[in-house]
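I have placed the structure first, in the form of structure tokens, so that the comments after it can refer back to it.
In what follows, residues are counted from 1 in the order of the sequence shown. Side chains included, hydrogens not; waters and symmetry mates left out as well; all remaining heavy atoms used.
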Amino acid sequence: MRNYIYGKKIVENVIKNFSNQIVKIYILKGHSFEQEIYSIIKKNNIKWSSVEKGNFLKIIKEKIKHQGYIAEVKEYQYCELSNIYNNSKERQVILIIDQLQDPQNFGAIIRTASLFNVDGIIIQENNQVKVTPAVVKASVGTIYNIPIVKVSNLKDAINSLKNQGFWIYSSFLGKDSKSINEINFDKKTAIVIGNEATGISKKILSVSDFNFKIETSNVIDSLNVSVATGIILFKISAI
């Protein structure tokens, strides 16, 4: 099965920063890149073609906001859990995602995690959005900046992190959860983010070392999960 990304900004970003991931680029007739982009395409011997509208729309047989730009990319390669441990690094932050469903949220979280130099993201194999073209687009290509691990058992992965010296902090709106302002995040920190609707599952909360929440006015139930993740990662980066 072929993998495609689409939209001018995302395709350009991948050309600039991750050209080795591209198989071929398709440009709708009447559209073009800046000369800088064409120079990178030529330098890296990336295949590309200008395509008439009828054939262009056949490349991806669904309604998408392609803006006249599509790139076929290699299949995404997930990382092994052991590869994100780095005992020589004084500080490490790993993000654990428990059953997130929305590709836009996942992509936004990846983008934020990349900007705050998160060392890795762990997701579950089942009941979790995977790396899809929509996720790549929402991440604006930063998907390739950060290792993502896919595991069959999230609880086992958390226990493995603990064995490597990580402390587990769950973002959870419970009555006993501490304010994020009261939490002293460790040098080896793993943050758990939950599902958009149901939050973090009980089995994951049972192996967490700390539960915390972001204090708000409570005008609505909670923050959007990607917004909350941004606040958390900013807080940790300031330590």
Counting N and O atoms only, with roles assigned by atom type, does the side chain of [X] sit under 3.5 Å from a partner on the main chain of [Y], one being a donor and the other an acceptor?
| X | Y | value |
| --- | --- | --- |
| S114 | I110 | no |
| T198 | N195 | no |
| Q77 | E75 | yes |
| E34 | E36 | no |

Check this for me, if you would: do K162 and D209 make a salt bridge, where the nitrogen-to-carboxylate-oxygen distance has to be below 4.0 angstrom? yes

Measure from the ring center of W167 to the ring center of F185 and say whether it is less than 6.0 Å. no

Cluster question for you: counting only ILVMFWY and a side-chain heavy-atom cut-off of under 4.5 Å, with indirect links fine, are L115 and V135 together? no

Can a side-chain donor-acceptor contact be found between N159 and N163 if the only test is distance below 3.5 angstrom? no

N181 and K235: side chain donor to acceptor below 3.5 Å: yes

Flag this pair as yes if the NZ/CZ of K150 is under 6.0 angstrom from the six-membered ring centre of Y78 and inside a 45 degree cone about the axis; otherwise no. yes

Answer yes or no: are there more than 12 heavy-atom neighbours, outside K178 itself, under 6.0 Å from its atom NZ? no

With H66 as partner, the option from Y26, Y4, F56 fulfilling ring-ring contact (aromatic ring centres under 6.0 Å, His included) is F56

Exactly one of K188, K89, R91 clears side-chain hydrogen bond (donor to acceptor under 3.5 Å, both in side chains) with D119, and that residue is K89

Check the angle between the aromatic planes of F33 and Y38 and answer parallel, tilted or perpendicular using the 30° and 60° thresholds. perpendicular

What orientation do F18 and Y144 show, parallel under 30°, tilted 30 to 60°, or perpendicular over 60°? tilted

